[in-house]
K.L.:
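My questions will all concern the structure given below.
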Amino acid sequence: MEGEKMKRAEEEYFRERAQLDRELTELEDEQDSVNYQMRVSEMVLDKLKKTNIFNIAFHIWHQDQFGTINGFRLGRLPGSPVEWPEINAAWGQTVLLLYSLAKKMNFTFERYECKCG
């Protein structure tokens, strides 16, 4: 009788131990997954912190003898006609860039007013 009780208690102990081992393994797997997600999120955040939104939003370059902003030419020459809507768009982009930079730097123009919108 006492031996049977001991055997049942031992079996119950090993069942509970096996269940706890499974739960521990599941929790460790979940913790590893969370740690991995955290590392990935930190890498993405670091990359975003290094991203300059102005470089993305305002592509400044050149096309032949013209300066360009977002593909719009900033002027015209006698031998290279540029339509006025394109020039206006270019200068509009330039003003938007100036406005955005001034706002980011908390800069206030004293002699001029820069309006966008």
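All residue numbers refer to positions in the sequence shown, counting from 1.
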K.L.:
Any chance you could lay out the side chain to side chain contact (heavy atoms under 4.5 Å, CB included) test for Y36 and D32, step after step, and finish with the verdict?
P.N.:
CA-CA 6 Å; Y36 176 75; D32 290 344; over 6 Å; no
K.L.:
Could you tell me whether Y13 atom OH has more than 12 heavy atoms of other residues or ligands within 6.0 Å of it?
P.N.:
no
K.L.:
If you take all heavy atoms of A90 and L74, which pair is closest and at what distance?
P.N.:
CB-CD2, 3.6 Å
K.L.:
Between V82 and W84, is there a shared hydrophobic cluster once you connect ILVMFWY residues whose side-chain heavy atoms come closer than 4.5 Å?
P.N.:
yes
K.L.:
So how far is it from E28 CD to E26 CD, rounded to the nearest 0.5 Å?
P.N.:
11.0 Å
K.L.:
Check for a donor-acceptor pair, side chain of S33 on one end and backbone N or O of D29 on the other, with a separation under 3.5 Å.
P.N.:
no
K.L.:
Measure the spacing between CG of L98 and CZ of F109 and express it to the nearest 0.5 Å.
P.N.:
4.0 Å
K.L.:
Is Q65 atom CD crowded by more than 12 heavy atoms from other residues, nucleotides or ligands, each under 6.0 Å away?
P.N.:
yes
K.L.:
Which word best sums up how the rings of F58 and F54 line up, parallel for under 30°, tilted for 30 to 60°, or perpendicular for over 60°?
P.N.:
parallel
K.L.:
Applying the 4.5 Å side-chain criterion to the ILVMFWY set and letting contacts propagate, would V95 and I60 be lumped into a single cluster?
P.N.:
no
K.L.:
Determine the minimum heavy-atom distance between G71 and Q63, stating which atoms define it.
P.N.:
O-OE1, 4.4 Å
K.L.:
So, taking the atom named CG in L24 and the one named CZ in R22, what distance separates them when rounded to the nearest 0.5 Å?
P.N.:
12.0 Å
K.L.:
How about R17: does its CZ atom have over 12 heavy atoms from other parts shown lying under 6.0 Å from it?
P.N.:
no
K.L.:
Would a 4.5 Å heavy-atom cut-off, applied to side chains only, mark Q31 and L27 as touching?
P.N.:
no
K.L.:
Taking atom CD as the centre, does E23 end up with more than 12 heavy-atom neighbours from other residues, nucleotides or ligands that are less than 6.0 angstrom away?
P.N.:
yes
K.L.:
Out of curiosity, E113 CD to T108 OG1, how far, rounded to the nearest 0.5 Å?
P.N.:
11.5 Å
K.L.:
Roughly how far apart are E12 CD and R8 CZ, rounded to 0.5 Å?
P.N.:
11.0 Å
K.L.:
Nearest 0.5 angstrom please: R73 CZ to I87 CD1, how far?
P.N.:
8.0 Å
K.L.:
Between G75 and F66, which heavy-atom pair has the shortest distance, and what is it?
P.N.:
O-CE2, 3.2 Å
K.L.:
Can you see which heavy atom on F72 is nearest to which on Q93, and at what distance?
P.N.:
CD1-CG, 4.1 Å
K.L.:
Between I69 and I53, is there shared hydrophobic-cluster membership here, with clusters defined by ILVMFWY side-chain heavy atoms closer than 4.5 Å?
P.N.:
yes
